[in-house]
Amino acid sequence: TGGQQALMEAQRYPDDYNGIVAGAPANNRTHLHTLFVHNLQALTAPGAQLSQAKLAMVTSKVLAACVGKDGGAPTDTFLTDPRRCNFDPATLPQCAGATDDATCLTPPQLTALKATWNGPVNPRTGERIFSGLPLGSESAVFGLAFQGDTTFWPAQQFYKFKWALGSGWDYASFDFDHDMDTVDARLASILNANDTDLSRFKANGGKLLMFTGTADPGVPFASAIDYYERTVQAQGGNLAATQSFFRYFLVPGMG
């Protein structure tokens, strides 16, 4: 969690370092891991399991539809800016009859895939909890094969929910309204690094470089963009003033 720790340093201990590099910062930690809960629920619904071979097919279809139309070159093997990829999930090959192989998706699998692209929202208020996964990252390391694993992924990523909700917590029954509030109330001030007041770090002459990859399913880049834009607003909406001490870079195709 070096990227998250880097932002914590700049926010909480601005005198420690005068130069910080924050790579793929999972700064909105409680909400990022709620995305993982949301995705595991979707991917473990009846008939929704997606193999790595199916995910590779999905990514290939996404790239075929959008490479060269997303600000990158037509010969790229990745998306430069997934936000510019207007991919229609209905164009993915759908399995006929009892077929369920690597060349197609069943209706439950397509439903699960679209859920991971959409991301979690509060079911009562409609408020967004976290972004969905970037298009083109489905088959990457920490992608949907990892996030649909019911053994490895919960053991690695869900311990914090047991801190907040008790040792008997079960991801399948997570309430994205009340449970999310409880997790934030108990853990957000400790785990998250969302504070945009970097005035002391800036005043001390500190410089901060932050980067995220556009094909990273483990730390989707929309969160870092949101943090950077909020930091600009905290600097009076002055991009130049922000860039004088804090620069942010998106790396096309990086996981």
Side-chain angles (χ1 to χ4, degrees), residues 3 21-26 32 35-36 38-39 42-43 48-96 99-119 128 130-148 209-229 232 239-240 242-243 246-255:
V21 179
L32 169 64
L35 164 69
F36 297 155
H38 167 269
N39 287 353
L43 295 164
Q49 290 72 26
L50 287 159
S51 67
Q52 185 65 30
K54 281 182 181 281
L55 294 170
M57 179 273 291
V58 170
T59 298
S60 71
K61 298 295 185 184
V62 169
L63 297 182
C66 293
V67 162
K69 303 173 185 176
D70 64 332
T75 54
D76 285 345
T77 56
F78 54 84
L79 296 182
T80 291
D81 188 350
R83 298 170 299 174
R84 296 172 63 179
C85 176
N86 296 314
F87 183 73
D88 182 0
T91 62
L92 289 167
Q94 299 188 37
C95 300
T99 303
D100 184 11
D101 58 28
T103 66
C104 60
L105 298 178
T106 65
Q109 290 165 349
L110 181 59
T111 297
L113 180 65
K114 290 193 287 187
T116 68
W117 283 335
N118 291 334
R128 175 155 295 283
F130 205 81
S131 68
L133 263 60
L135 285 162
S137 70
E138 303 78 21
S139 59
V141 174
F142 294 131
L144 296 182
F146 285 78
Q147 296 187 28
L209 293 174
M210 182 171 74
F211 66 88
T212 48
T214 66
D216 188 347
V219 187
F221 67 89
S223 180
I225 290 178
D226 174 71
Y227 178 72
Y228 193 73
E229 290 180 342
V232 173
L239 178 61
T242 307
Q243 289 186 331
F246 182 13
R247 296 291 303 273
Y248 170 53
F249 297 91
L250 277 165
V251 185
M254 189 178 77

Determine whether Leu110 and Gln94 satisfy the following criterion, side-chain contact (heavy atoms from CB on, under 4.5 Å), listing intermediate values before the conclusion. CA-CA 8 Å; Leu110 181 59; Gln94 299 188 37; 4.0 Å; yes
Using every non-hydrogen atom in the two residues, find where Pro25 and Met210 come nearest and quote the distance to one decimal. CG-SD, 3.6 Å
How long is the gap from CG on Leu50 to OG1 on Thr106, to the nearest 0.5 Å? 7.5 Å
When rounded to the nearest 0.5 angstrom, what is the spacing between CG in Leu113 and OG1 in Thr111? 9.5 Å
Heavy-atom side-chain proximity of Cys66 to Leu135 below 4.5 angstrom: no
Between Trp117 and Val62, is there a side-chain heavy-atom distance shorter than 4.5 Å? yes
Measuring from atom SG of Cys85 to atom CG of Leu63, what distance do you get when rounded to the nearest 0.5 angstrom? 8.0 Å
Heavy-atom pair of closest approach, residues Gly71 and Arg84: CA-NH1, 3.5 Å
Nearest atoms (heavy-atom pairs only) where Asp88 meets Thr91: O-OG1, 2.6 Å
Asp76 side chain to Ala73 backbone, donor-acceptor under 3.5 Å: yes
Tell me, which pairs form a salt bridge (Lys or Arg N to Asp or Glu O under 4.0 Å) where one or both residues lie in residues 216-226, sequence neighbours left out? Asp226-Arg230
Could you list all the side chain to side chain donor-acceptor pair (under 3.5 Å) pairs where at least one residue sits in residues 57-71, not counting sequence neighbours? Thr59-Glu138, Thr59-Ser139
Apply side-chain contact (heavy atoms from CB on, under 4.5 Å) to the pair Leu92 and Gln109, showing each step before the final yes or no. CA-CA 11 Å; Leu92 289 167; Gln109 290 165 349; over 6 Å; no
Taking Ser51 for its side chain and Lys54 for its backbone only, find out whether a donor-acceptor pair lies under 3.5 Å. yes
What are the two closest non-hydrogen atoms of Pro220 and Leu35, and how far apart are they? CG-CD2, 4.0 Å
Just how far is it from atom CZ of Phe249 to atom OH of Tyr228, taken to the nearest 0.5 Å? 8.0 Å
Run the numbers on Leu133 and Phe142 for side-chain contact (heavy atoms from CB on, under 4.5 Å), then give the verdict. CA-CA 11 Å; Leu133 263 60; Phe142 294 131; over 6 Å; no
Would you sort out whether His38 and Phe130 count as a side-chain contact (heavy atoms from CB on, under 4.5 Å), showing the intermediate values? CA-CA 10 Å; His38 167 269; Phe130 205 81; over 6 Å; no
Identify the heavy atoms of Asp100 and Cys95 that sit nearest to each other, and give their distance. CA-SG, 4.0 Å
Measuring only between side-chain heavy atoms, which start at C-beta, is Leu79 closer than 4.5 Å to Ser137? no
Min side-chain heavy-atom separation Phe221-Pro82 under 4.5 Å: yes
Which atom pair, heavy atoms only, marks the closest approach of Thr116 to Leu144? OG1-CD1, 3.6 Å
Exactly one candidate in Val232, Leu209, Thr212 meets side chain to side chain contact (heavy atoms under 4.5 Å, CB included) with Tyr248; the answer is Thr212
